[in-house]
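This report concerns only the one structure given below.
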2 protein chains.
Amino acid sequence: MDVRAKILHEATRLFAMKGVDGTSLQEISDAVGVRKPSLLYHFPSKEALHSSVLEHLLSRWNESLPRLLKAAAREDRFDAILDETIEFFAADVDRARLLLREALDRPAEMRELLRAHASPWLGIVAESIKKAQHEGSMLKEADPEAYVMQVINLVVGTFAVGPLLQVLVHSRGQHEVDARLVRELKRVARAALVSRRN
Amino acid sequence: MDVRAKILHEATRLFAMKGVDGTSLQEISDAVGVRKPSLLYHFPSKEALHSSVLEHLLSRWNESLPRLLKAAAREDRFDAILDETIEFFAADVDRARLLLREALDRPAEMRELLRAHASPWLGIVAESIKKAQHEGSMLKEADPEAYVMQVINLVVGTFAVGPLLQVLVHSRGQHEVDARLVRELKRVARAALVSRRN
DNA sequence: CCTACCGATCGGTAGG
DNA sequence: CCTACCGATCGGTAGG
């Protein structure tokens, strides 16, 4: 792994864990194993590094988009899309944490970022739900747009603060997200859209 | 309002908005209208101020507990408890933001805090769901503990990042939490627990 | 509740 | 990619 990639990796880890404001360039440099000015050679400023971290996250998301669109074309599209979304965040909990922090710290910028990168396919999913409602295969009481946003809220929250939610749901691992929480997340999302088992 | 209360209020606002690490004592002092050393007379350190802010939030929660327990005794306990919980966070979105930031920044401390202050009544709610499952009035597929945690996840997320979730659900207000999101939150929570309307 | 001041750390630059 | 260094700001203290 070259230095630039290592900087990006450690910055992502630390930003997700302690926030951008809570992380100093010195800490990142130490984690990478270079001096601070070397880091500033690869990324001209902390702000530039921050932007690069977010762009990297978005590019990962774009990578998984084809798989998600393929899932949306399947018969059981609902479960397939949900599974793909869950898998994206499960693959690296830093993604959910970073996204949630960004939403809290810079709501206006995050809003624009979501509008540009997520809105299109969110709209597609919402439309597909509306269609299923007309066909009678999904509950007509559901508000498709609000439903999609709440499912994302649920998924991101589960992976970002999952280990903490296990106060009550105490199973083995303290640091990995509990399987029960993920199972219940899927069940809740599904039960709110279709009235009965399968 | 005396100085101490004003400091607590402005600190809460700024901590919720920009995080503890992202807020300087100088900013808080400026917002209150005193000099920094004056602030440090009322609260001996930033850490002490931070603790006081959290304690104040918890005492508000304890204040609303009686109402919540009264709600749990009603016939329609499920909707009543959910409504009371939603109302608590709706009354001041800083509460949800502060809680979520704390969960991200200090998961271990937050865990202990939840275990001490929330775990008891979370257990009561979970037990009440189990009872209803045995009586057949609630879906037996639900995992009561995981369900309760996911509903909290949903409520806190809705109020903490709600204005942002309105990328798709675009109604009027940009800064208040959309009524559609709250309605859908209630519907999802309910549909995941009872199979049919009322 | 204030003025005056402290060492430490911040993001960032000069120059090689 | 490094050493050396910068002004600004950080949380906090002395003393009144």
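These numbers come from the heavy atoms of this one structure, side chains and all, not from hydrogens, waters or symmetry mates. Just so we're on the same page: letters track the sequence lines, and every chain starts at 1.
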Q.
Taking NE2 in B:H42 as the centre, count heavy atoms belonging to other residues, nucleotides or ligands within less than 6.0 Å. Is the count above 12?
A. yes

**Q.** Nucleotide pairing, DNA chain D (Watson-Crick or G-U, distances under 3.5 Å), in dot-bracket with [ ] and |
**A.** ||||||||||||||||

Could you check how far [atom1] of [X] sits from [atom2] of [N], rounded to whole Å?
X: B:K18; N: D:dT9; atom1: NZ; atom2: P; value: 13 Å
X: B:D30; N: D:dG11; atom1: CG; atom2: P; value: 12 Å
X: B:L25; N: C:dC10; atom1: CG; atom2: P; value: 16 Å
X: A:F15; N: C:dG11; atom1: CZ; atom2: C1'; value: 12 Å
X: A:I28; N: C:dG11; atom1: CD1; atom2: C1'; value: 11 Å
X: B:L14; N: D:dC10; atom1: CG; atom2: P; value: 12 Å
X: B:D21; N: C:dT9; atom1: CG; atom2: P; value: 15 Å
X: A:K36; N: C:dC10; atom1: NZ; atom2: C1'; value: 7 Å

Does a side-chain N-to-carboxylate-O contact under 4.0 Å join [X] and [Y]?
X: A:D79; Y: A:R190; answer: yes
X: A:K130; Y: A:E145; answer: yes
X: B:D2; Y: B:R4; answer: no
X: A:K18; Y: A:E27; answer: yes
X: B:D83; Y: B:K186; answer: yes

Q: Name the orientation class of the two ring planes belonging to B:F78 and B:Y147 (parallel below 30°, tilted from 30 to 60°, perpendicular beyond 60°).
A: tilted

Q: Measure up the A:W61 and A:W121 rings against each other and bin them: parallel (under 30°), tilted (30 to 60°), perpendicular (over 60°).
A: tilted

From [options], pick the nucleotide closest to the side chain of [X]?
X: A:V34; options: C:dG12, C:dC2, D:dC1; answer: D:dC1
X: A:P37; options: C:dT3, C:dA14, C:dC10; answer: C:dA14
X: A:R35; options: D:dC10, D:dT3, C:dC2; answer: D:dT3

**Q.** Shortest non-hydrogen separation from B:L14 to B:T23 and the atoms involved
**A.** O-OG1, 3.3 Å

Q | DNA chain C-proximal residues of residues 38-50 of chain A, any heavy atom under 4.0 Å | A | A:L40, A:S45, A:K46

Q. Under 4.0 Å: is that the gap between some side-chain N or O of A:S24 and OP1 or OP2 of C:dT9?
A. no

Q. Which part of the nucleic acid, if any, lies within contact of A:S29, taking any heavy atom under 4.0 Å across all strands shown: a base, the sugar-phosphate backbone alone, or nothing?
A. nothing

